[in-house]
Protein chains: 2
Amino acid sequence: MKADVCTARGRPREFCPDAALASALRVFWSKGYEGASMTDLTEAMGITRPSLYAAFGNKESLFRKALDLYEREKLDYISTALDEPTARAVAEALLRGALENQMAQDEPHGCLGVISSVACGAEAESIRAEVLERGKTAKSALIARFERAKAEGDIPAHVDVEGLTGYLFAIIQGMAVQAGAGVSREDLERLIETSLMVWPSN
Amino acid sequence: MKADVCTARGRPREFCPDAALASALRVFWSKGYEGASMTDLTEAMGITRPSLYAAFGNKESLFRKALDLYEREKLDYISTALDEPTARAVAEALLRGALENQMAQDEPHGCLGVISSVACGAEAESIRAEVLERGKTAKSALIARFERAKAEGDIPAHVDVEGLTGYLFAIIQGMAVQAGAGVSREDLERLIETSLMVWPSN
DNA sequence: CACATTATGTATCGCTCGTTATGAAAGCCG
DNA sequence: CGGCTTTCATAACGAGCGATACATAATGTG
């Protein structure tokens, strides 16, 4: 049980797992879980099938690791947005952060979470459940933030906070749908401007 | 060439094509184009594979016919909404119509168009293109309606009509994502109330 | 150097997919 | 009844899927 921690025995691997995982993330991001075949993945990652299975388990395990990477590196704008001083600033940071995430150059358009929660087949059911679970925690955090804003008088008293959160989530998810559908960045910026224009204030 | 129009020669078919198509629509609606297998479809339609191919061509052709049926019977709320007298009434009719469509009892939750435009694989590319095309025409119609509303002083002069249309579309698409993700009807109603509360007025 | 250990490349597994060939069954017409 | 036409059910096709068995190659250890 007490294994030497510094010795790497056996033949060393010839690829970087982090870089390979990043490539896999791009494939899942653009094609979805079921739409990404093992051939797509291995070709993008530059490794053979057995290497992939040895390093990442199976397809589902690889997807979860890619989802972790996605949350850590691409969805960090969400937690930073919650630190904005006003509810309006939180909403603006979320909308603009989502735009950058969904329309980044050299990255697939759209949102991996939305793609994975919409698609489809039977094998992806546990994947879907996990993605939905992660989305729920994000929504809870946003509700808590807006509750605080309401207590601070930052949101009008007559506003339903949970309704407002679901409303803002819907705009972001709708943006993801449109980004994946090929809508231009300029159009999404106008969408955001409109959202901010109608944002409830005192 | 001049065939008798009233004589049905040969063995009569033992199923109703319209009912079978309606069943197929429900399968596509809940599982998406690629998520729906021919086994799923034939079982739901109550017919065998060769009967399906003889009556509807192939899977893609069946999907297009189902999409036609969906637009005709489930998306009719869109064209009726455009007849509302004010821009706000149009928006409200669209939102409430979308809710009824996406959360109808005994029907799959979500929107077939959103599901089909998000998913995924390579074989569905031509399907995706067709769905996006139909969505564009709906968006154009809504833009034209809001242009008229703006000319009638029904929408504030400072509002960007195309931005407003994309914004409203995003809310509806986001609602579809949430409906497919299992959000309750009550939550979507609160989402709609919030959307109507912030709708721009003079 | 021989050994244990780990990674690699090839080739293949069983399975499901969409699609179709085949022949029997059921209805009209003469 | 015998020909003609269309639909039915069974069974199978080739292709692609995710996942692996196997032998080989490359490292550290005794």
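We use all heavy atoms of the structure for the numbers below, so side chains are in, but hydrogens, waters and symmetry mates are not. Below, chain A is the first sequence line, B the second, and so on; all start at residue 1.
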- prompt: Of the candidate nucleotides C/dG18, C/dC17, C/dT8, which contains the atom at the shortest distance from the side chain of B/M38?
  reply: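 Among the listed nucleotides, the one closest to the side chain of B/M38 is C/dG18.
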
[X] side chain near [N] phosphate (N/O to OP1/OP2, under 4.0 Å):
X: B/N58; N: C/dG18; answer: no
X: B/R11; N: C/dA25; answer: no
X: B/S51; N: D/dT7; answer: no
X: A/T48; N: C/dT8; answer: no
X: A/R49; N: D/dA19; answer: no

message: What I want to find out is whether B/E100 reaches B/K74 closely enough, with some N-O distance under 4.0 Å, to be called a salt bridge.
response: no

field: Under-4.0 Å salt bridge between B/E133 and B/K136
entry: no

Any base atoms under 4.0 Å from [X], or only sugar-phosphate, or nothing? Heavy atoms, all strands.
X: B/E123; result: nothing
X: A/P50; result: base
X: A/A122; result: nothing

Could you tell me how far apart [X] ([atom1]) and [N] ([atom2]) are, to the nearest whole angstrom?
X: A/R13; N: D/dA25; atom1: CZ; atom2: C1'; result: 16 Å
X: B/Y53; N: D/dC8; atom1: OH; atom2: C1'; result: 17 Å
X: A/E60; N: D/dC17; atom1: CD; atom2: C1'; result: 16 Å
X: A/F15; N: C/dG9; atom1: CZ; atom2: C1'; result: 14 Å
X: B/E43; N: C/dT16; atom1: CD; atom2: C1'; result: 13 Å
X: A/L52; N: C/dT8; atom1: CG; atom2: C1'; result: 13 Å
X: A/E34; N: C/dC17; atom1: CD; atom2: P; result: 11 Å
X: B/R9; N: D/dT7; atom1: CZ; atom2: P; result: 12 Å

- prompt: Is any side-chain heavy atom of A/R13 less than 4.5 Å from a side-chain heavy atom of A/I47?
  reply: no

query: Would you say A/L99 and A/L191 make side-chain contact, with heavy atoms under 4.5 Å?
result: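 Of all side-chain heavy-atom pairs linking A/L191 with A/L99, none is under 4.5 Å.
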
message: Over 60° means perpendicular and under 30° means parallel, so tell me whether A/F28 and A/F63 are parallel, tilted or perpendicular.
response: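 Rings of A/F28 and A/F63: perpendicular, as their planes differ by over 60°.
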
query: B/D40 or A/I47: which one's nearest nucleotide on DNA chain C is closer to the 5' end?
result: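 With B/D40 and A/I47 compared, the 5'-side residue is A/I47.
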
